[in-house]
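The structure appears below as structure tokens.
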Amino acid sequence: MERKMTTLADRFLKAKRELFDILYGHLNPMQRKAVFTVKNPLLILAGAGSGKTTVLVNRIAYIIKFGNSYYSDTIPYELDLSDVERLENAKNADKEEIEGLLKEYAVEPCPPWGVLAITFTNKAAKEIAERLERDLNEAVNDIWSGTFHSVCLKMLRKFGDRIGLAKSSLTIYDTDDTKKLVSSCMKELNIDEKMLNPKLVRNEISRAKDKLITPEVYAKDAFDENGNANYRLAKIASVYKLYQQKLSEANAVDFDDIIMKTVELLQTDEETRLYYQRKFKYVCIDEYQDTNKAQFVLASILAGGYNNIMAVGDDDQSIYKFRGATIENILNFDKSFENVSVIKLEQNYRSTKHILDAANSVIRNNIGRKGKELWTDKEGGERLTLRRCDNQIDEAKYIINKIVELVIKEKRRYSDFAILCRMNVQSSTIENVFVKSGVPFRMLCGTRFYERKEVKDILSYLCLINNPDDNLRLRRIVNEPKRKLGDTTMNAVEKIAVAENCSMFTVMKNCKNYRALSQAQSKILDFVYLIEGLRKVSETAPLNELVEKTIRLSGYENMLLLAGEEEKERLENVLQMISNAEEYMTNNPDGTLSSYLEEVSLVADIDNYDKDADAVTIMTVHSAKGLEFPVVFIPGLEEGIFPGGQNVIDEEVEEERRLCYVAITRARERLICTHVKERMVFGQTQYNRISRFLEEIPEDYTVRELSDAEKAANEQKAAFKPRRKIEFSGEFIKKPEEPGRQKAANISQLSIGDRVRHITFGEGTLLSLKPMGADILYEIAFDNAGTKKLMATYAKPKKI
DNA sequence: GCCTCACACGTTTTT
DNA sequence: CGTGTGAGGC
């Protein structure tokens with residue numbers, strides 16, 4: 001009897017799994033494994049173009065529809081032969097029928113509200129939501145999916161009062177606001193901005209928050225073990241403390257606080273923590289390589305209930321280190337959680353073999369990586385095109401001519417092309433040439449709508465109406481348009497506010513009580529009445545009316561009208577805000593002023609990214625992540641541009657190389673790389689040598705296209721030395737046959753364990769060496785300067 | 001309090 | 001080479 005049951009159960013499980021494989025037949029075996037592995041922590045290392053989003057979306061849908069059916073051995077206890085036969089006979093049924101059948105036998109399907117899906121950008125969040133909706137219909141609405149910041153804010157809105165945040169009038173400060181706040185803190189502390197760059201301080205504070213370092217801990221860290229203060233760190237610590245105090249007085253949070261405060265909430269308030277740990281049965285995180293420490297801690301707490309955490313990422317595409325992302329999160333995933341499975345997705349469905357081989361040969365030169373090799377079953381394809389131009393105007397012209405050529409020869413659309421720049425400055429030359437050429441294009445790197453001064457001004461009014469304690473926004477607009485409320489008056493107001501421990505707006509409201517304000521009294525009250533009046537409007541009128549009244553009654557519109565032609569664009573932008581507000585009301589009937597402000601500060605790409613327009617796309621490599629194009633141009637492949645600026649020297653180059661990898665892997669069919677002989681940067685002409693990244697790509701994958709002048713020069717040379725034609729015409733740098741290795745071997749006179757002396761860091765011991773491109777990367781433990789990674793040609797350490 | 005001129009500075013970007 | 005900011009004059 002028992003034996004018969006086992007057989008029946010085996011047949012049942014086998015038939016069920018076969019049906020799942022049919023249902024998910026559009027995925028490859030590795031992708032399917034990733035979808036079906038839902039219990040315990042899972043790390044998916046997904047290379048570029050390997051179907052990462054498809055896996056993520058299918059996995060979430062699978063969890064909701066089928067729970068843990070595939071790998072679960074659970075069988076329905078009333079199972080009989082007819083069940084098994086039903087499954088076995090369904091093999092040839094259509095997918096809808098199979099799905100319905102499998103749902104009947106689902107093991108612990110998860111309700112949508114039990115799933116948390118976190119992404120980095122709104123773009124990604126939107127894409128995932130859209131693709132899920134196709135599969136799950138209205139069930140998507142219950143899934144918590146969004147960016148780290150939107151998810152955290154949702155929690156703070158609900159439970160923020162438990163850590164002392166007023167929930168209703170919570171204000172979000174963007175990067176621009178925080179810069180201003182840091183500056184004003186430094187002024188108050190009498191720290192000379194020439195001695196300590198406020199931008200650096202802001203960055204430092206932001207990095208500290210990424211690592212969950214509080215002002216108190218930061219202040220402690222400013223002292224070494226002997227109790228001596230590091231002057232610089234101590235100064236920054238004092239700014240950090242005051243900065244945080246001012247944020248809290250204004251009931252404001254910056255972007256980093258949104259994460260850090262949520263962690264604080266979950267760590268200190270057990271009830272909240274248990275509530276979310278019980279709620280979220282499955283936690284999924286996209287772009288895991290870009291997470292920082294705070295986000296890692298947050299994710300581990302949220303997943304702490306069921307331990308079903310999944311992270312998708314690609315260590316080779318980590319390009320936000322400068323913003324606090326730690327690649328260690330992905331490298332240490334298996335150590336951070338228990339019972340971890342790791343699945344690698346290495347089959348690329350996007351690019352041709354030549355493009356992939358080129359990408360692989362570049363990224364291979366990085367040391368700190370999990371090691372992954374993309375492959376494709378597509379053969380060959382076009383080789384990469386390399387082209388050297390005289391200057392950046394010539395470069396832009398070449399690109400446009402090439403586009404026109406391919407449009408005619410290969411019948412391509414303009415929207416097939418993308419130009420990926422390392423720096424925004426590169427795009428302005430290209431833009432100018434495009435305008436003249438008449439080829440349609442769109443720039444995706446200019447100033448965004450909500451970052452424009454006039455738009456931020458109007459938003460500041462709205463913020464102040466929403467939260468009168470917001471001193472920063474008050475100061476921004478109190479004299480914009482001019483109301484004769486300049487620095488003298490406002491400094492007086494600020495002084496009183498500090499003394500009375502209240503907000504500046506409160507002081508202004510009670511200005512009759514302060515003799516120091518008697519002269520400006522009527523002007524101050526005019527402003528107070530304006531804001532209070534608009535506050536009343538906000539309580540009853542719809543949002544678009546409030547925006548309109550704000551623009552009119554504040555005198556802002558008049559100011560722009562009087563400025564005439566010069567400010568026409570600003571006026572249009574301001575008026576655009578009225579229709580934006582109207583649109584928001586249509587999409588969010590229950591929307592309030594504060595929810596609108598939240599959306600605006602968290603959602604940056606309401607931008608006019610018109611997907612359907614037939615135009616060439618110009619953007620930075622950073623913003624191209626996650627996108628793909630049939631034809632990609634990478635201009636400016638020169639040392640000093642790409643790899644750029646200060647990042648040419650040490651380990652920073654690895655991030656640049658990942659960036660290059662991202663750029664290359666955006667291309668589906670064609671990749672065209674250009675570099676120039678001379679480039680004007682900041683009014684000075686640079687003569688940069690060709691990028692090391694291009695030298696890392698073997699010649700087999702590339703074709704060098706010559707300009708007419710170069711062809712002529714070559715023919716002349718050929719007449720004398722027909723056998724020794726220089727392939728890289730005019731180039732004096734020879735490419736090693738196997739990139740890097742040979743030349744590297746020549747420089748390397750050091751071996752591991754050697755004692756070395758460096759010109760700035762002093763003496764140390766060589767820990768490791770690694771050939772990189774045409775150079776060697778040394779890791780040296782210096783006796784007095786810590787462990788550093790240095791390039792042999794730049795650092796020139798000497799053996800002692 | 002406002003305007004103008006000189007000087008400084010100038011990667012990458014999402015939230 | 002541009003742009004934006006800040007100090008100093010009016």
Side-chain angles (χ1 to χ4, degrees), chain A residues 118-125 146-153 172-180 183 187 193-194 197-199 203 206 209-210 253-260 262 286-287 290-292 294-295 318-325 392 420-429 432 444-448 450-451 453 478-491 519-520 523 598-605 607 619-626 636 640-648 652 655-656 658-660 662-663 679-686:
Chain A
I118 305 181
T119 58
F120 258 84
T121 61
N122 293 298
K123 199 168 71 185
T147 61
F148 267 103
H149 292 83
S150 70
V151 165
C152 285
L153 211 58
I172 301 166
Y173 279 6
D174 67 18
T175 315
D176 201 54
D177 299 325
T178 58
K179 256 184 222 155
K180 289 204 167 99
S183 280
K187 265 186 204 122
E193 298 205 344
K194 286 194 183 71
N197 185 340
K199 244 181 99 177
N203 234 4
S206 177
K209 290 186 177 185
D210 287 342
V253 288
D254 61 22
F255 287 131
D256 306 308
D257 274 342
I258 295 177
I259 314 287
M260 193 173 168
T262 308
D286 194 15
E287 304 280 11
D290 291 331
T291 50
N292 58 38
Q295 288 160 334
S318 157
I319 53 174
Y320 287 110
K321 199 178 159 196
F322 69 92
R323 215 173 66 191
Q392 69 262 54
L420 306 184
C421 299
R422 172 72 246 277
M423 290 181 284
N424 271 321
V425 276
Q426 290 174 266
S427 58
S428 59
T429 316
N432 290 336
L444 264 77
C445 38
T447 325
R448 280 186 297 270
Y450 285 102
E451 274 167 20
K453 184 194 175 297
V478 74
N479 207 26
E480 193 79 43
K482 302 278 175 271
R483 295 190 180 88
K484 303 211 179 245
L485 291 171
D487 279 347
T488 323
T489 314
M490 292 317 291
N491 286 343
Q519 251 198 323
K523 302 283 175 209
E598 183 185 311
E599 164 131 345
V600 164
S601 42
L602 247 41
V603 180
D605 37 66
D607 255 17
M619 63 169 114
T620 61
V621 181
H622 279 93
S623 46
K625 198 164 86 167
I641 304 291
F642 202 170
Q646 291 95 297
N647 300 346
V648 187
E652 307 279 299
E655 177 126 331
E656 295 282 319
R658 290 192 291 267
L659 200 51
C660 185
V662 169
R679 180 177 295 274
M680 280 275 272
V681 185
F682 306 141
Q684 281 192 315
T685 309
Q686 290 180 359

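If you're wondering where the values come from, they're calculated on a predicted model, not measured in any experiment. Protein chains get the first letters and strands the later ones, always in sequence-line order, with residue 1 at the start of each.
- A salt bridge does not link D210(A) to R323(A): none of the charged nitrogens lies less than 4.0 Å from a carboxylate oxygen.
- Here G683(A) lies in heavy-atom contact (under 4.0 Å) with a base.
- Comparing T488(A) and K199(A) by the nucleotide of DNA chain B that holds the closest heavy atom to each, the one mapping nearer the 5' end is T488(A).
- Here the side chain of M423(A) is nearest to one of dT13(B), dT12(B), dT15(B), namely dT12(B).
- Residue-level contact check: I258(A) touches neither bases nor backbone, having no heavy atom under 4.0 Å from any strand.
- When each of dT14(B), dT12(B), dT15(B) is scored by its nearest atom to the side-chain atoms of Y320(A), the top-ranked nucleotide is dT14(B).
- For F120(A) and dT14(B), the ring-to-base geometry does not satisfy the stacking test (centroid distance below 5.5 Å, interplanar angle below 30°).
- For the OP1/OP2 pair of dT13(B) and a distance below 4.0 Å, the side-chain nitrogens and oxygens of T175(A) include no atom meeting the criterion.
- Checking the phosphate oxygens (OP1, OP2) of dG10(B), no side-chain nitrogen or oxygen of N424(A) falls inside 4.0 Å.
- In this entry the distance linking CG of N203(A) with P of dT12(B) reads 13 Å, nearest Å.
- Distance from the side chain of F682(A) is smallest for dG10(B) among the nucleotides dT15(B), dG10(B), dG1(B).
- Taking atom CD on Q686(A) and atom P on dG10(B), their separation rounds to 15 Å, with Å as the unit.
- D286(A) is not listed as a side-chain neighbour of I118(A), based on a closest heavy-atom distance of 4.5 Å or more.
- Salt bridge E656(A)/K321(A): absent, no basic N to carboxylate O contact under 4.0 Å.
- The aromatic rings of Y320(A) and H622(A) sit tilted relative to each other, their planes meeting at an angle between 30° and 60°.
- Picking from dT15(B), dC2(B), dT12(B) the nucleotide with the shortest atom distance to the side chain of F255(A) gives dT15(B).
- Proximity of S428(A) to the phosphate of dG2(C): no side-chain N or O atom is located under 4.0 Å from OP1 or OP2.
- Counting any heavy atom pair closer than 4.0 Å across all strands shown, D487(A) reaches sugar-phosphate atoms only and no base atom.
- Straight-line distance from the CG atom of L153(A) to the P atom of dT15(B): 14 Å, rounded to whole Å.
- OP1 or OP2 of dC9(B) has not a single side-chain nitrogen or oxygen of N197(A) nearer than 4.0 Å.
- Exactly one of T178(A), D257(A), V253(A) qualifies for a side-chain contact (heavy atoms from CB on, under 4.5 Å) with Y173(A). That residue is T178(A).
- Rounded to a whole Å, the CD atom of E451(A) is 11 Å from the P atom of dT15(B).
- A close approach under 4.0 Å does not occur between any side-chain nitrogen or oxygen of N122(A) and OP1 or OP2 of dT14(B).
- Neither OP1 nor OP2 of dG1(B) sits under 4.0 Å from any side-chain N or O of N479(A).
- With a 4.5 Å cut-off on side-chain heavy atoms, D174(A) and S601(A) do not count as touching.
- Across the protein-nucleic acid pair, K179(A) atom NZ and dG6(C) atom C1' stand 16 Å apart, rounded to whole Å.
- With dT14(B), dC2(B), dT15(B) as the candidates, the nucleotide lying closest to the side chain of S623(A) is dT14(B).
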